[in-house]
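Working notes for the structure below.
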Amino acid sequence: MSDTDKKSPSNFIRDIIDSDLSSGKRAEVITRFPPEPNGYLHIGHAKSICLNFGLAKSYSGKCNLRFDDTNPAKEEQEYIDSIQNDVAWLGFDWGGEALYASDYFEDMYEWAKRLIKADLAYVDDLTAEEIRAYRGTLTTPGKESPYRTRSAQENLELFEKMKDGEFPDGAKTLRAKIDLTSGNLNMRDPVMYRIVRAVHPRQGDKWCIYPMYDWAHGLEDSIEGITHSICTLEFEDHRPLYDWFLNQLPELHHPRQIEFARLNINYTVMSKRMLMQLVKDKHVSGWDDPRMPSISGMKRRGYTPESIRDFCGRIGVAKVASTVDIALLEHCLREDLNKRALRRMAVLKPLKVVIDNYPEDQVEWFDGENNPEDPESGTRKIPFSRELWIEQDDFREEAPNKKYFRLAPGKEVRLKHAYYIKCVDYKKDESTGEILEVHCTYDPASRGGGTDDGRKVKGTSHWVSASHGVKSEVRLYSHLFSAETPGAATGNFLDDIDADSLEILTDALVEPALAEEAAFAGVQFLRQGYFCVDPDSTKDRPVFNRTVTLRDTWAKVEKQG
RNA sequence: UGGGACGUCGGCAAGCGGUUAAGCCUCCGGUUUUUGGAGCCGGCAUACGCAGGUUCGAAUCCUGCCGUCCCAGCCA
């Protein structure tokens with residue numbers, strides 16, 4: 001994993017760790033990535049994963065993968081499995097078994113009883129609505145629950161009965177006794193346990209009370225000996241509570257919580273709720289739809305783990321809520337793929353070319369380099385014959401300007417790896433305007449794609465032999481959303497879904513070598529972009545997903561006129 | 001005067017009292033090229049939210065404004 005070995009740029013978390021290490025406050029660095037298994041991982045999680053595992057690696061410490069499975073109502077084994085797959089795919093190793101907050105439930109329960117005995121927690125009979133009303137508002141203090149003064153003994157008995165299932169769901173809660181007047185709402189007697197009868201993915205129906213995040217999380221970190229507990233900005237307000245709980249159990253190891261800004265990227269959404277909605281309402285084909293920012297979607301799109309890690313390293317870590325340009329993500333992708341993707345020719349929107357002076361039944365096999373960026377990558381054979389397919393975009397009835405150097409009547413272009421051809425004629429359906437076929441002559445002296453006469457042929461087209469081309473399906477993906485900030489205009493992010501974010505081409509023709517690629521393999525279709533083999537592919541009918549286009553300066557020039 | 005945090009180039013982001021205010025993406029030129037790809041070269045903040053103050057010296061320290069984000073789940 002050489003990319004994460006690069007010297008990491010300075011950031012405030014490293015500063016804190018450096019200072020904790022040099023002051024002797026800490027002797028090692030232990031971090032953790034603590035997902036709740038209630039959805040699939042996305043690129044935002046990747047930032048956190050790279051941060052936590054990266055820190056552990058660079059300080060020779062360790063990073064745990066811990067499922068924060070404290071709410072069985074939302075959690076499922078499917079997510080536990082997918083999360084482990086995704087973290088592993090990203091290239092990280094959590095050293096053995098994943099850990100689970102639910103494995104600590106027994107300890108947490110005992111510690112809760114300690115707080116009760118110390119008169120620091122009480123069982124409350126208020127309903128959820130009542131608790132909300134008693135909590136006050138942002139600007140007005142809350143008031144104490146009438147049950148706040150129960151004796152420690154009574155609380156202990158009640159809490160045990162809660163655990164033993166003697167009360168219905170929601171009937172009682174265990175609350176910490178802190179301060180109803182605090183300006184920080186989290187300190188207004190937060191709920192520690194609620195009664196929920198739901199089947200837990202790992203604990204089954206063993207428990208009917210479940211700890212809340214604030215009570216559980218610091219304990220989980222403590223048990224695991226976490227030194228630096230890194231989370232996102234919205235937990236800043238929770239840090240006083242994180243510390244308060246741990247301070248009530250002074251013999252416990254007390255990690256330091258540090259908050260950083262979560263990742264936002266333009267033209268996409270990152271909240272689990274929205275991603276879930278896209279999947280459930282079928283705006284996309286699933287969590288692994290190639291337009292999703294989920295790790296599984298990105299994998300299917302053709303992203304490489306290396307490119308994602310590189311991206312996470314480049315965006316930095318800070319406390320400013322910011323939005324990264326998706327162009328940076330795509331840049332990291334192209335940079336990685338450019339080094340390694342095999343070059344192939346594929347005609348997406350075919351136009352027939354007949355080479356009038358080429359022998360009727362002749363076939364030549366040219367050698368094409370697999371990747372000019374990598375001399376070691378070798379070559380493959382490409383068949384050439386009298387009838388070929390070229391891209392519709394590579395022919396015009398009339399050259400628009402002197403900068404245009406593609407095919408047009410009287411103009412000469414190079415067929416990559418093959419010959420120069422000159423357009424001598426073309427057929428057109430006058431009623432529809434459709435170009436039916438183009439007739440050319442080739443120059444035998446240009447075999448291989450060049451001549452000795454110093455003739456300049458600036459245009460190079462990709463092509464596929466008509467009799468050898470393999471019919472394929474090509475799925476052209478673009479950004480799922482057409483607005484930089486989905487929902488900014490109407491308040492509903494769904495309004496900004498781009499109806500054209502997927503274009504399916506069913507008549508594409510690819511060179512024979514392309515029919516042999518394995519699923520997820522990334523290749524470059526010359527002059528067009530990077531594509532990968534979709535798992536929907538069959539022997540008879542390959543399916544390719546466009547990962548990302550190549551940069552296209554001609555398109556830019558044309559746009560500007 | 002509810003609490004917490006944050007404001008450095010179009011977008012990220014270094015900088016921690018003395019720097020010509022890093023780097024990356026985008027963008028714009030040029031060069032090169034059998035991918036209008038890639039590569040290579042160059043350009044792009046006299047300026048650090050604003051206003052004062054401290055100091056020989058401030059993006060860095062202080063004060064006051066202004067702006068943005070987060071918090072009222074028995075979610076995490």
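A quick note: this is a predicted structure, and the numbers were derived from the prediction, not measured. Just so it is clear: chains get the letters A, B, ... in the order the sequence lines come, proteins before strands, and each one is counted from 1.
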* Asked: Is it the case that A:R202 places NZ or CZ above or below the six-membered ring of A:Y100, under 6.0 angstrom from the centre and within 45 degrees of the axis?
  -> yes

### Message
Taking only side-chain N and O atoms of A:S322, does any of them lie within less than 4.0 angstrom of OP1 or OP2 on B:G11?
### Response
no

Separation of the C1' atoms in B:U1 and B:C61, to the nearest angstrom: 25 Å

What's A:I326 touching, base or sugar-phosphate or nothing? Going by heavy atoms closer than 4.0 Å. nothing

Below the 4.0 Å mark, does B:G3 have OP1 or OP2 next to a side-chain nitrogen or oxygen of A:T139? no

When we call it a touch if two heavy atoms are under 4.0 Å apart, what does A:I131 touch: a base, just sugar-phosphate, or nothing?
base

**Nearest-angstrom distance, C1' atom, B:A59 to B:A14** = 12 Å

| message | Within the 4.0 Å heavy-atom criterion, would you say A:V317 contacts the bases, only the backbone, or no part of the nucleic acid? | response | sugar-phosphate

Decide yes or no for A:E306 and A:R340: does some side-chain heavy atom of the first lie under 4.5 Å from some side-chain heavy atom of the second?
-> yes

Q. Between B:G7 and B:G43, how far is it from one C1' atom to the other, in whole Å?
A. 28 Å

When rounded to whole Å, the CD to P distance for the pair A:E391 and B:G36 reads 13 Å

Its contact letters, B for base, S for sugar-phosphate only and - for none at protein heavy atoms under 4.0 Å, make nucleotides 24-32 of chain B read SSSSS----

By the Watson-Crick or G-U definition, both distances under 3.5 Å, B:G17 is matched with none

| query | Heavy atoms under 4.0 Å, any strand shown: does A:E36 hit a base, just sugar-phosphate, or nothing? | reply | sugar-phosphate

Closest to the side chain of A:L526, out of B:A5, B:U35, B:G36, is B:U35

Taking atom C1' in both B:C74 and B:G4, what distance in whole Å separates the two?
24 Å

Flag the pair A:E558 and A:R396 as a salt bridge only when some basic side-chain nitrogen lies within less than 4.0 angstrom of an acidic carboxylate oxygen. yes

Per atom distances to the A:V320 side chain, the nearest of B:U35, B:A13, B:G37 is B:A13

Answer with base, sugar-phosphate or nothing: what part of the nucleic acid does A:E259 contact at a heavy-atom distance below 4.0 Å?
nothing

Exercise. Between B:C16 and B:U54, how far is it from one P atom to the other, in whole Å?
Worked result: 24 Å

Heavy-atom nearest nucleotide on RNA chain B taken for A:P35 and for A:W554; more 5' hit belongs to A:W554

So salt bridge (charged side-chain N to carboxylate O under 4.0 Å, His left out) across residues 522-531 of chain A, not counting sequence neighbours, yields A:D394-A:R527

**Study point:** Any A:T70 side-chain N or O less than 4.0 Å from OP1/OP2 of B:A76
**Key:** yes

P gap between B:G18 and B:U33, integer Å: 48 Å

Next item on the list: Using a heavy-atom cut-off of under 4.0 Å over every strand shown, decide if A:Y193 touches base, sugar-phosphate, or nothing.
Entry: nothing

Requested in this report: Could you tell me whether A:K381 and A:D367 make a salt bridge, using a distance below 4.0 angstrom between a side-chain N and a carboxylate O?
Outcome: yes

Touch check for A:S461, heavy atoms < 4.0 angstrom, all strands: base, sugar-phosphate only, or nothing? nothing

*asked:* OP1 or OP2 of B:U35 versus the side-chain N and O atoms of A:R414: is any pair under 4.0 Å?
replied: no

In Watson-Crick or G-U wobble terms, with both distances under 3.5 Å, the base opposite B:C24 is B:G11

Quiz item: Across the strands shown, which category fits A:H417 at heavy-atom distances under 4.0 angstrom: base, sugar-phosphate, nothing?
Solution: base

side-chain contact (heavy atoms from CB on, under 4.5 Å) filter on A:N338, not counting sequence neighbours, yields A:R343, A:E373, A:Y530

message = I'd like to know whether the aromatic ring centres of A:Y79 and A:Y40 sit less than 6.0 Å apart in this structure.
response = yes

Any A:R262 side-chain N or O less than 4.0 Å from OP1/OP2 of B:C6: no

Work out how far the C1' atom of B:C69 is from that of B:A45, and round it to whole angstrom. 25 Å

When both distances are under 3.5 Å in a Watson-Crick or G-U wobble arrangement, the nucleotide paired with B:G57 is none

Which atom pairs link the protein and nucleotides 68-72 of chain B when you take only N or O atoms and keep those under 3.5 Å?
residue	atom	partner	partner atom	Å
B:A72	O2'	A:R135	NE	3.4

Angle between ring planes, A:W463 versus A:F366, binned at 30° and 60°: parallel, tilted or perpendicular? perpendicular

When rounded to whole Å, the NZ to P distance for the pair A:K458 and B:G37 reads 11 Å

When rounded to whole Å, the NZ to P distance for the pair A:K143 and B:G2 reads 22 Å

Q: Indicate, with a heavy-atom threshold strictly under 4.0 Å, whether A:R239 touches base, sugar-phosphate, or nothing.
A: nothing

Regarding the side chain of A:F405, the nearest nucleotide among B:A5, B:A76, B:G36 is B:G36

Contact class for A:N338 vs. all strands (heavy atom < 4.0 Å): base, sugar-phosphate, or nothing?
base

The Watson-Crick or G-U wobble partner of B:G73, with both key distances under 3.5 Å, is none

**Message:** Please classify the nucleic acid contact of A:R406 as base, sugar-phosphate, or nothing, using heavy-atom distances under 4.0 Å.
**Reply:** base

Sequence neighbours excluded, the answer for side-chain hydrogen bond (donor to acceptor under 3.5 Å, both in side chains) partners of A:T140 is A:T137

To the nearest angstrom, the CG-C1' distance between A:N11 and B:A22 comes to 16 Å

- Query: Under the 3.5 Å rule, do the base of B:U35 and the side chain of A:Q528 count as making a donor-acceptor pair?
  - Reply: no

query: So what does A:A128 hit on the nucleic acid, given a heavy-atom distance under 4.0 Å: a base, only sugar-phosphate, or nothing?
result: base

- Task: Give me the ring orientation class for A:H238 and A:Y213: parallel if the planes are under 30° apart, tilted from 30 to 60°, perpendicular past 60°.
- Result: perpendicular

Over all strands shown, is A:M212 touching base, sugar-phosphate only, or nothing at heavy-atom distances under 4.0 angstrom? sugar-phosphate

Under a 3.5 Å limit on both distances, the Watson-Crick or wobble mate of B:C6 is B:G67

Less than 4.5 Å apart, any side-chain heavy atom of A:R551 and any of A:K556? yes

Separation of the P atoms in B:C41 and B:C24, to the nearest angstrom
11 Å

Within the sub-3.5 Å range, which N or O atoms of nucleotides 16-20 of chain B have a protein N or O partner, and how far apart are they?
residue	atom	partner	partner atom	Å
B:C16	N4	A:D15	OD2	3.1

CZ of A:R175 to CG of A:D189, rounded to nearest 0.5 Å, is 5.0 Å

Are the side chains of A:F405 and A:V413 in touch, meaning some heavy atoms are under 4.5 Å apart?
no

Neighbour count >12 (heavy atoms, 6.0 Å) for atom NZ, A:K422: no

Between A:I195 and A:T460, the residue closer to the 5' end of RNA chain B by nearest nucleotide is A:T460

With the side chain defined as heavy atoms from C-beta on, A:K416 is closest, among B:U35, B:G37, B:C75, to B:U35

With A:K163 as the cation and A:W207 as the aromatic partner, state whether NZ or CZ is under 6.0 Å from the six-membered ring centre and within 45° of the axis.
yes

Answer for the Watson-Crick or wobble partner of B:U31, both distances under 3.5 Å, is B:G39

task = Give A:K403 one of three labels, base, sugar-phosphate or nothing, depending on what nucleic acid heavy atoms sit under 4.0 Å from its own.
result = base

So, A:D221 and A:R32, do they make that salt bridge, N to O below 4.0 Å? yes

